[in-house]
Amino acid sequence: MFLEPNCSLKNLSEAVLQLSNFFIDHPRDQTPWNESYCKLAYRHYYFPLNYIRNQRVIEQGQTVGFFNHLEHTVDWGAGPGTASLALKNNLHLKSQLLIEKSTTALSAFKDIYEQLQNPTMTSVLDLKKITTDKSKTLLTLSYSLTEMTELPLGWDKFEALMIVEPSTRDDGRKLLHVRQKLIDAGYSIWAPCLHQLRCPLLLHSKSDWCHDRIHVQAPDWFKKLEEHMPFRNNTVTTSYLLARKQKPTFNTKNKIRMTGDSLEEKGKTRQLVCRNESREFLTWMHKENEPQTIPRGDVIDLPENHELKSNEIRVKKI
Ligand SMILES: C[S@@+](CC[C@H](N)C(=O)[O-])C[C@H]1O[C@@H](n2cnc3c(N)ncnc32)[C@H](O)[C@@H]1O
């Protein structure tokens, strides 16, 4: 789906580095769409990466029936329409609205918008003007809340929200506060959370945040591009929330979500997990059994044979 760029990989890698430096130096600033390096780097690098992130989030939502009965999408801060395209490629939709502050972005990515389901594009930043039935509409923000101070006015009229954000500590923890705000407003979190209690990462830590790690198989041209750059994307991370006014229908009994990477310690291997507001680790004692490494973000069954020891769920030999 993502075409090999028709410029040299060297030019492209310079543009990517320039935009990457911009995002690092000005994390709260608007994407500089008026710069030609930005359009080039976004189309061939950030757009595919963010598409992969949105695809992952959509798959997580589909496993719990999150998108059932939703017919329309509104993509706030749409840029090239990354989230909209991933949604269109996975769901049966009737219409898609893209809201984007930058008219330069709106005219730069028309070829991508053409692939969407009955798309409308606007630079008018007003959710009140939306005419679709909000009880069947998903409001999505993909990597746009990071450039804003608040959710857009009127967000709470929508049945469903999908928010995808950079997995940095600042954005990730900001998203945990947004999670609580949504719950306080009557929404239920369908993913990544298995519960509606307070988030243990916010409650018991000043530095942790929740994010998934996606293992990707990049096309050859992308690997060659990365040879020109000081960073690699063997795995892609993202932080997200899927929230609905409707209560979740899936069964979370004896399920846990892996919220940390595997940690080797003396005599044991452990991974942070989430199932309620406690900060707990799934733990393999080396003298008892062979440790596993489970991808961050995955939901698994609580091992039947386990023992609770302090903040550890210790896997017992069967
Ligand atoms: C990093 S880009 C993300 C683009 C796209 N959603 C994606 O996931 O690839 C952030 C976008 O949000 C837009 N944006 C920033 N602040 C906004 C606001 N207050 N209202 C609407 N769009 C905004 C920017 O113009 C930019 O296109």
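The first residue in the sequence is number 1, and the count goes up from there. All ligand and atom numbering here is 1-based and tracks the order in the structure.
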Query - Working for side chain to side chain contact (heavy atoms under 4.5 Å, CB included), residues Arg169 and Arg173 - result: CA-CA 6 Å; Arg169 177 180 302 173; Arg173 284 188 71 82; 4.1 Å; yes
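Residue Thr82 places at least one N or O, backbone or side chain, under 3.5 Å from an N or O of ligand 1. Looking at ligand 1, you'll find an N or O of Gly77 within less than 3.5 Å of one of its N or O atoms. On a distance-only criterion, Gln30 and ligand 1 share at least one N/O pair closer than 3.5 Å. An N or O contact shorter than 3.5 Å links Tyr42 to ligand 1 by distance. For the pair Ser102 and ligand 1, the shortest N or O to N or O distance does not fall below 3.5 Å.
Contact annotation for Phe47 and ligand 1: no heavy atom of the residue comes within less than 4.0 Å of the ligand. Looking at Ala78 against ligand 1, only its backbone comes within 4.0 Å, counting heavy atoms. Counting heavy atoms closer than 4.0 Å to ligand 1, residue Tyr46 contributes nothing at all.
Counting only heavy atoms of the protein, atom 8 (O) of ligand 1 lies nearest to Ser142 OG, 2.6 Å. Protein heavy atom at the shortest distance from atom 19 (N) of ligand 1 is Met148 CG, 3.7 Å. Among protein heavy atoms, atom 26 (C) of ligand 1 sits closest to Trp33 NE1, 3.4 Å.
Test Lys94, Arg244, His92 against Leu70 for side chain to side chain contact (heavy atoms under 4.5 Å, CB included) and you get one pass: Arg244.
Short contacts between ligand 1 and Leu125, defined as distances under 4.0 Å to a heavy atom of the residue, involve ligand atoms 20 (N), 21 (C).
The shell of residues lying under 4.0 angstrom from ligand 1, judged by heavy atoms, includes Thr31. Assignment of Ala105 to the shell around ligand 1 is not supported, since no heavy atom sits closer than 4.0 Å. Remark: distances from the non-hydrogen atoms of Trp76 to ligand 1 include one below 4.0 Å.
For Gln217, the CD atom counts as loosely surrounded, since its 6.0 Å shell holds 12 or fewer non-hydrogen atoms of other residues, nucleotides or ligands. More than 12 non-hydrogen atoms from other residues, nucleotides or ligands lie less than 6.0 angstrom from NE2 of His215.
Aromatic rings of Phe23 and Tyr46 (six-membered ring for Trp) have centroids within the 6.0 Å cut-off, being under it.
In this structure, Tyr187 belongs to a hydrophobic cluster whose other members, linked by side-chain heavy atoms under 4.5 Å apart, are Val74, Trp76, Leu97, Ile99, Leu125, Leu127, Ile130, Leu139, Leu141, Leu145, Met148, Leu151, Trp155, Phe158, Leu161, Ile163, Leu175, Val178, Leu182, Ile183, Ile189, Leu241.
Between Asp261 and Arg213 there is a salt bridge, since a side-chain N of the basic residue sits under 4.0 Å from a carboxylate O of the acidic one. The residues Glu264 and Arg270 are annotated as not salt-bridged, no charged nitrogen and carboxylate oxygen being separated by less than 4.0 angstrom. The pair Lys181-Asp184 fails the salt-bridge criterion, with no side-chain N (NZ, NE, NH1 or NH2) lying under 4.0 Å from an Asp/Glu carboxylate O. Glu159 and Lys245 are not joined by a salt bridge, as no carboxylate oxygen comes within less than 4.0 angstrom of a charged side-chain nitrogen.
In the candidate list Lys101, Glu150, Glu165, Glu100, Glu100 is nearest to atom 25 (O) of ligand 1, counting heavy atoms.
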